[in-house]
2 protein chains.
Amino acid sequence: MKLSVRGEYALRALTHLGLYYGPEVLRIQAIADEQRIPKRFLEQILNELRNGRFVESRRGVAGGYRLAAPPDKIFLAAVIRHVEGALAPVGCVSEKFYEKCNCPDESRCALRAVMKEVRDAIAGILEKRTVADLVKKAVELKNQPMGADDFVI
Amino acid sequence: MKLSVRGEYALRALTHLGLYYGPEVLRIQAIADEQRIPKRFLEQILNELRNGRFVESRRGVAGGYRLAAPPDKIFLAAVIRHVEGALAPVGCVSEKFYEKCNCPDESRCALRAVMKEVRDAIAGILEKRTVADLVKKAVELKNQPMGADDFVI
DNA sequence: GAGATCTTGAATGGTTTCGTCGAGTATCTA
DNA sequence: TAGATACTCGACGAAACCATTCAAGATCTC
C-alpha cells in the first residue's frame, strides 16, 4: 500500500520550500540538488503542485518556486490526493475518488467496512498534518547531533 | 495508496472460505464464480496463500481449498503482508519489509515521522482484524434486506 | 483408467511509473 | 534589446508492474 515516489518527492519538495517560506523563490535546481530528486522530474511535479495551487512560480533569471500558502495551511491529505489520487486503500470506500469495485454486490461487501476503517484512519492523520509539521520536524532533526539512532514518535 | 487487486481478491477468497469453514474443501471454480474473480488468477492467488499457510488444499476429484486455521486466527495484516508486502506507505518506515529510501539523510527525514504514524494506524487496524470479522460482517450484510443504503460503521 | 481438480513454472499484453527530452515562453539583468 | 536563466507544455521511452492466461504434470476419487 505504497505512496508513490512522485507523492514522496512532492512532499519533500514542499517541506524544503516550507523551510524557506517567505517572499523569495527557490530554483528547481537548488531543490533537486538538496533533496536528490531528478531535476526534470521535479519540474513536472512542481508544475502539478502549481496547478493545485500549493506553490507558485516566477519565471526568468530570478525565477523559481515558493509555497503559495503558509505551511500550516497546506494539508498533507490535500497534497497526496492532488498528486496521486485516493487515500483510501480501495476505490469503493474513497470519499473523494470513488470507483466501483468488481465484487458481486458492493452493498454486501464485508471487506469494505474494514477498508473504510483504514481509509478513515489514514485520512484522520493526513488531514491534520500540514507542511508546517514536516518543517518543524525537519528543523528538529537538523539540530540534533549526528549519530542519533532511530528516533521514536 | 492502493491495495492491489490481488490483495483484495485474496481477502475476498479467504472471507468466502471462512463462510464455509469446516472440514470440507471448496473448489476454485466455485469461489471464482461466487466472487467474480478470474479462475486462473485465483488459482495463483490461492497457491500463494497456501504457501503462506493461510489455506490448505486437496488435489483430485474431491479437491479444493479450505482455511488452514480458524477464521479468528487469520489476521488481515498477515495476509496483506504475505500477498503484497509492506503495509507502510513508504519502505523506510516498514517494520517488516524495510527498504532504504533515496532521501539525502534518512535520520533527518521529516516525512518519515508522519508516514510512521500512518503505518502504525494501518497496522493497528489490520493487526486486530481477522477473517472472522469479515465473515461476521458478510453474514450480517447477507441477512439485511435489499435496498439498504450505504451502511455505517 | 477416466475425469476432475490442484500445482508449477512460464508467458503475455496492457498499464503505470519513473524519468527524460525538446522546444517554446516569460522574465530579468546588463 | 540581447542574452541568460528558468518556467511551461506536451510528448516520449524504458522498465517495472499488474492482471491474467497457458500448458503440462500430479494427485485423488469413483
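Lettering follows sequence order; numbering is per chain, from 1. All values below were derived from every heavy atom in this structure, side-chain atoms included, with hydrogens, water molecules and symmetry-related copies excluded.
- Among the nucleotides C:dT20, C:dT8, D:dT29, the one closest to any side-chain atom of B:E43 is C:dT8.
- Counting any heavy atom pair closer than 4.0 Å across all strands shown, B:R40 reaches a base atom.
- A close approach under 4.0 Å does occur between a side-chain nitrogen or oxygen of B:N47 and OP1 or OP2 of C:dT8.
- A:L49 has its CG atom 15 Å from the C1' atom of D:dT8, to the nearest Å.
- Taking side-chain N and O atoms only, B:R50 has a distance below 4.0 Å to OP1 or OP2 of C:dT7.
- Salt-bridge annotation for A:E127 and A:R81: present, with a side-chain N of the basic residue lying under 4.0 Å from a carboxylate O of the acidic one.
- Residue A:R58 contributes atom CZ, which lies 17 Å from atom C1' of C:dT25 at whole-angstrom precision.
- Contact annotation for B:I28: backbone-only contact, meaning every heavy-atom pair under 4.0 Å involves sugar-phosphate atoms and none involves a base.
- Using a 4.5 Å heavy-atom cutoff, the side chains of A:E140 and A:K137 are in contact.
- Within the 4.0 Å cut-off from OP1 or OP2 of C:dT17, not a single side-chain nitrogen or oxygen of A:Y9 is found.
- Here D:dC28 is the nucleotide among C:dC28, D:dA19, D:dC28 with the atom lying nearest to any side-chain atom of B:V61.
- For the pair B:R112/A:L141, no side-chain contact is recorded, criterion being any heavy-atom separation below 4.5 Å from C-beta on.
- Taking atom CD of A:E84 as the reference point, atom P of C:dC18 lies 9 Å away to the nearest angstrom.
- In this structure, A:G60 reaches the bases: a heavy-atom distance under 4.0 Å links it to at least one base atom across the strands shown.
- Look at CD1 on A:I37: it is 13 Å from C1' on C:dC18, rounded to the nearest Å.
- Following rounding to the nearest Å, A:E48 (CD) and C:dC18 (P) show an atom-to-atom distance of 12 Å.
- Rounding to whole angstrom units, CZ of residue A:R27 and P of D:dC7 are separated by 8 Å.
- Ranked by how close their nearest DNA chain C nucleotide is to the 5' end, A:L42 and B:G64 are led by B:G64.
- Side-chain atoms of A:Q29 and A:D33 include a donor-acceptor pair closer than 3.5 Å.
- The separation between B:K39 atom NZ and D:dC22 atom P is 11 Å, rounded to whole Å.
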>> Apply side-chain contact (heavy atoms from CB on, under 4.5 Å) to residues A:V25 and A:Y65 and explain how you reach the verdict.
In response: CA-CA 5 Å; A:V25 294; A:Y65 281 85; 5.7 Å; no
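- Within the structure, a side-chain polar atom (N or O) of A:S57 is placed less than 4.0 Å from OP1 or OP2 of D:dT8.
- Between the base of C:dT20 and the side chain of A:Q44 there is a donor-acceptor pair shorter than 3.5 Å.
- When rounded to the nearest whole Å, the span between CZ of B:R59 and P of D:dG25 equals 13 Å.
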